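These figures come from a predicted structure and were not determined experimentally.
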Amino acid sequence: MEATLLSFPSHSLTKTQTHFLSNPPPFLSSKPKRPSKLSIRSAISRNKKEETVETVKTQLDDCQLIAAIKYKGFTVKQFQDLRRSLPETTKLVVAKNTLVYKAIEGTPWEVLKPCMTGMNAWLFVHSEEIPAALKPYRDFQKEKKLEENDFSGAVFEGKFYAPGDFKTLENMPTRAEIYAKMLGSIKSPASSLVGTIQAPARELVMVLQAYVKKLEEEGGGGGGGGQ
């Protein structure tokens, strides 16, 4: 059977038919749809969020302390100055609370949750010298007169420290001070040694480590020694 092509004179078409022929519905159009600008922006935003979460997760490796800083009103230059003042073992990350919490959820750092309000920048300290890591921000805060931009909390050894508890962190003895105390206790009467043993387990471990190191140094100068 031969197909017959039907044609209509233009004057016999109704307005609806004419509109249909000149503006076919989307499912009859051969032109591919271009992604909308909105969908592109959404994809970029989603990728940035994922990158931020991964950045935070990376900072958790070998991290000793995380502290949150209220940064509302900071300028770009102030952030740059602050970053330059920090030790190499301390990293400053600016990230939304929701993304930081997503990265720490299910980890010991999850107790940082009380800080998840307002605008925070995050200090990741990769050193046991906690006072030295916190002092640069205290100096920066005083110099720039940013009294309202205080620490909003921190986590150290699985414990949450509220803003009012920061003196405990900032006044912790340095490693050198703990070693000196340890060695002095070992040479002192038994009563002093008992006092050292009753100190927090972390200090006791550091004391013992220092004492072992001292013995190794004293015994290592003879070329390995004999048995």
Side-chain angles (χ1 to χ4, degrees), residues 54-71 79 81-95 100-101 103-115 120-142 149-188 192-218 220:
E54 288 304 313
T55 296
V56 174
K57 287 183 176 180
T58 300
Q59 290 297 324
L60 297 181
D61 293 339
D62 300 321
C63 188
Q64 300 294 322
L65 175 142
I66 301 178
I69 299 173
K70 298 176 183 177
Y71 78 87
F79 273 120
D81 292 343
L82 176 57
R83 282 195 170 99
R84 283 193 290 265
S85 70
L86 297 173
E88 291 184 1
T89 53
T90 302
K91 302 300 179 183
L92 180 68
V93 176
V94 179
V100 173
Y101 187 72
I104 65 175
E105 191 173 11
T107 74
W109 302 103
E110 191 173 4
V111 293
L112 196 63
K113 189 174 182 179
C115 292
N120 291 299
W122 308 88
L123 282 181
F124 293 85
V125 179
H126 301 272
S127 167
E128 293 183 350
E129 303 296 338
I130 303 303
L134 298 178
K135 188 176 185 300
Y137 181 69
R138 284 300 189 204
D139 294 341
F140 176 85
Q141 182 186 29
K142 183 177 180 180
N149 296 93
D150 202 356
F151 289 106
S152 54
V155 171
F156 176 63
E157 294 188 333
K159 177 183 176 182
F160 177 74
Y161 288 79
D165 301 326
F166 264 69
K167 285 187 178 180
T168 301
L169 295 172
E170 294 174 278
N171 294 326
M172 287 178 61
T174 65
R175 180 180 298 184
E177 290 170 343
I178 293 175
Y179 284 177
K181 179 181 178 181
M182 170 197 64
L183 295 175
S185 298
I186 290 175
K187 294 179 181 179
S188 65
S192 297
L193 182 58
V194 170
T196 300
I197 294 176
Q198 290 176 342
R202 182 183 180 83
E203 292 190 17
L204 178 59
V205 170
M206 295 182 71
V207 167
L208 294 177
Q209 286 176 341
Y211 184 59
V212 169
K213 182 178 179 181
K214 181 175 182 293
L215 293 178
E216 290 176 347
E217 291 174 350
E218 290 177 351

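Cation-pi check for Lys142 over Phe140 is not met; the charged atom does not lie both under 6.0 angstrom from the ring centroid and within 45 degrees of its normal.
Listed for the Trp109 side chain is no donor-acceptor partner under 3.5 Å among the backbone atoms of Val155. Proximity of a side-chain donor or acceptor of Thr90 to a complementary backbone N or O of Leu86 within less than 3.5 Å is not detected. Using a distance-only test at 3.5 Å, with no hydrogens or angles considered, no donor-acceptor pair links the side chain of Gln141 to the main chain of Tyr137.
Every residue two or more places apart in sequence or in another chain that forms a ring pair (Phe, Tyr, Trp, His ring centres under 6.0 Å) with Tyr71 is listed here: Phe79.
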Item to complete: Kindly indicate, with the supporting measurements, whether the criterion side-chain contact (heavy atoms from CB on, under 4.5 Å) is fulfilled by Leu65 and Tyr161.
Response: CA-CA 10 Å; Leu65 175 142; Tyr161 288 79; over 6 Å; no
Discussion item. What verdict does the side-chain contact (heavy atoms from CB on, under 4.5 Å) test give for Val93 and Gln59, after you've listed the backbone C-alpha separation in whole Å, the side-chain angles of each residue and the deciding distance to 0.1 Å?
Written reply: CA-CA 9 Å; Val93 176; Gln59 290 297 324; 4.3 Å; yes
Practice prompt. Check the pair Trp122 / Val94 against side-chain contact (heavy atoms from CB on, under 4.5 Å), numbers first and verdict last.
Written response: CA-CA 6 Å; Trp122 308 88; Val94 179; over 6 Å; no
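Remark: Cys115 SG to Ile69 CD1 distance equals 11.0 Å, nearest 0.5 Å. The distance from atom CE of Met172 to atom CD of Glu128, rounded to the nearest 0.5 Å, is 8.5 Å. For the atom pair CD1 of Ile104 and NZ of Lys57, the computed distance is 11.5 Å after rounding to the nearest 0.5 Å. The distance from atom CG of Leu169 to atom NZ of Lys159, rounded to the nearest 0.5 Å, is 8.5 Å. Between the CZ atom in Phe160 and the CD1 atom in Ile66 there is a gap of 12.0 Å [rounded to 0.5 Å]. Taken from CG in Asp150 to CZ in Phe166, the straight-line distance is 7.5 Å, to the nearest 0.5 Å.
Across every non-hydrogen atom of Ala95 and Val100, the tightest pair is CB-CG2, 3.8 Å. Of all non-hydrogen atoms in Pro136 and Ser85, the two that sit nearest each other are CB-O, 3.5 Å. Considering all non-hydrogen atoms of both residues, Thr107 and Ala103 come closest at CG2-O, 4.3 Å. The minimum heavy-atom distance linking Ile130 with Gln64 is given by the pair CD1-CB, 4.3 Å.
Just one of Asn120, Asp165, Leu123 meets the side-chain contact (heavy atoms from CB on, under 4.5 Å) condition when paired with Phe151; it is Leu123.
Using a 4.0 Å cut-off between charged nitrogen and carboxylate oxygen, Glu170 and Arg138 count as a salt-bridge pair.
His126 and Glu88 are not linked by any side-chain donor-acceptor pair at a separation below 3.5 angstrom, with hydrogens and angles left out of the test.
The environment of Asp61 atom CG is dense: over 12 non-hydrogen atoms of other residues, nucleotides or ligands sit within 6.0 angstrom.
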